[in-house]
Number of protein chains: 2
Amino acid sequence: MSRTEFEPIVDTTRRAEIVGQLRRAILTGKLSPGQKVNELKISKEMRVSRAPLREAVRELVQDGLLTNIPYAGAYVINVVPKDIEDAYALHHVLEDFAIDLVWPLRDQRFAAELDRRHVQVKEATRALDTTRQIETALQLHSVIYEWSDNALLLDTWLRLARRLQMYFALHQQARDEPVPDVDMHEDYVRLLKGKDIAAAKQHAREHIDWNFAELVAYAESLATKRK
Amino acid sequence: MSRTEFEPIVDTTRRAEIVGQLRRAILTGKLSPGQKVNELKISKEMRVSRAPLREAVRELVQDGLLTNIPYAGAYVINVVPKDIEDAYALHHVLEDFAIDLVWPLRDQRFAAELDRRHVQVKEATRALDTTRQIETALQLHSVIYEWSDNALLLDTWLRLARRLQMYFALHQQARDEPVPDVDMHEDYVRLLKGKDIAAAKQHAREHIDWNFAELVAYAESLATKRK
DNA sequence: GTCAATCAGATTGTCGACAATCTAGCAAGA
DNA sequence: TCTTGCTAGATTGTCGACAATCTGATTGAC
């Protein structure tokens, strides 16, 4: 029996590639909220036929990043303050649950993984790469979900995370300000490795909320502009 | 301003119809876990081309009812005990959250809707229509999510509900026994209309678990059989 | 001028055919 | 006997073309 473990072969279909590109385009604001996804135009630009593109669109619709109206087209979802509030409320609940589940499962590898991703966040922050910073920060949060040993919870989180990534990206892109403090996640990581679950939960709660008000305000400004 | 409210036009694409049929087939066990979804065969049976069928499959893959392996095909998801446990754990958390949210929003129409769906469950139960009984019972549970005014939570619940519907249906189909008591949801509905939120939560928790052990045992029997 | 009917252009939905890939079975060689 | 290479058949992935539908502008009647 071989000891080496091989990675599964990566999806090598055009469809998967297209999904990736479209998702990135949405999450980085290259496709802005409300914008229509023109199949013919995009398929030409990507040099693929409409079939795999359409299948990719179905995936993103199911993902919640696009909405579809039959015979009218697919549109990037809009962002209104209520969406942000809903997402944050759900995030609180899921994070709490994930910490409960992960607490007895934490081991040395868990701590190592937390540190590894924390480093990535700090690197992206120092490099002033906001897009990557958002991405790595969410990946850091993903650790507890990945280790909570509940596939459904992880799946639910990943869906939510994509929404959050979109909100953050839009916001950052709009204000174009210096990135937040490098040590933002210091306490978060430390408490997750510690012994006080109540403190960890409490801090996670506050940590999640750090830019909540700002994001809602941004969504409101969007709504007013749209009028 | 018109006072009458019109329903949105139903999706009138073949794709939507196909999604419905496939979903029903999976949720009723017509397509059993692990079974392959042969595109050519099904498209012929449905008298449609493969294009809309494939798009429908993408949706169901994203929904979590199918898994896809490139160039190999789409398969109905398997059911293992851990899946049931994960689903129930998440259900507890979501139900708790939903009750919190819905509590201050309850009004007379909320109570009426609870009653209406409760009646449907009882009718299905009396008619010995197990499939419909499962469907209506989940729709009864959906009330609190629909009224909780959190679109993301509702979306998350609907995903979970489909998984649960599949588990229940498989189980029922396997044991082929008389359906449970007609008054099963009596307390659930009564407490949701009452004033004691703690009692409502507590009962919801127990109510959710009523057939948990049975379902896990069934999944285990499946797993052993598969060997 | 207002409103309804009509029409052209653009876009989405669907189809049938072809290309790429996988699987199972068989044959050849060590 | 086991492994390797090959082949044929089936299935999935992709393509280009056509049909159905929507949108906006134009026309014409009142």
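Keep in mind it's a predicted model, so treat the numbers as computed, not measured. So that the names make sense, note that chain A is the first sequence line, chain B the second, and so on, each numbered from 1.
Tested against A/Glu95 for a side chain to side chain contact (heavy atoms under 4.5 Å, CB included), the candidates A/Ile208, A/Leu160, A/Asp100 yield a single pass: A/Ile208.
For B/Lys36, the side-chain atoms get nearest to D/dT12 when compared with the rest of C/dC15, D/dG13, D/dT12.
Interface residues of residues 45-53 of chain B facing DNA chain D, ordered by number: B/Arg50; criterion, heavy-atom separation under 4.0 Å.
In this structure, B/Lys41 reaches neither bases nor backbone, as no heavy-atom distance under 4.0 Å exists between it and the strands shown. B/Val37 comes within contact range of the sugar-phosphate backbone alone, with a heavy-atom separation under 4.0 Å but no base atom that close. Among the protein residues, B/Arg54 comes within range of the nucleic acid bases, having at least one heavy atom under 4.0 Å from a base atom.
The distance from atom CZ of A/Arg58 to atom C1' of C/dT14 is 12 Å, rounded to the nearest whole Å. Here C/dT14 presents its C1' atom at 12 Å from CD of A/Glu39, a figure rounded to the nearest Å. Atoms CD1 (B/Ile69) and P (D/dT12) sit 12 Å apart, rounded to a whole Å. Nucleotide D/dC22 holds its C1' atom 10 Å from the OH atom of A/Tyr71, rounded to whole Å. Residue B/Lys44 contributes atom NZ, which lies 15 Å from atom C1' of C/dC15 at whole-angstrom precision. The CD-P distance, from A/Glu55 to D/dC15, rounds to 11 Å in whole Å. Rounded to an integer number of Å, the gap from B/Asn38 CG to C/dC22 C1' is 14 Å. In this structure, CG of A/Asn68 is placed 16 Å from P of D/dT21, rounded to the nearest angstrom.
Ion pairing of B/Asp63 with B/Arg23 is present here, as a side-chain N (NZ or NE/NH1/NH2) and a carboxylate O approach within less than 4.0 Å. Taking 4.0 Å as the cut-off between side-chain N and carboxylate O, B/Arg116 and B/Glu113 count as a salt-bridged pair.
Using cut-offs of 30° and 60° on the angle between ring planes, the pair B/His171 and B/Tyr218 is tilted. Between B/Tyr88 and B/Phe212, the ring-plane angle classifies as tilted under the 30° and 60° cut-offs. Between B/His91 and B/His141, the two ring planes are perpendicular [angle over 60°; tilted spans 30° to 60°].
When the side-chain nitrogen and oxygen atoms of A/Arg14 are compared with OP1 and OP2 of C/dA20, none of them lie within a distance under 4.0 Å.
Counting heavy-atom neighbours within 6.0 Å of A/Glu45 CD, excluding the residue itself, gives a total above 12.
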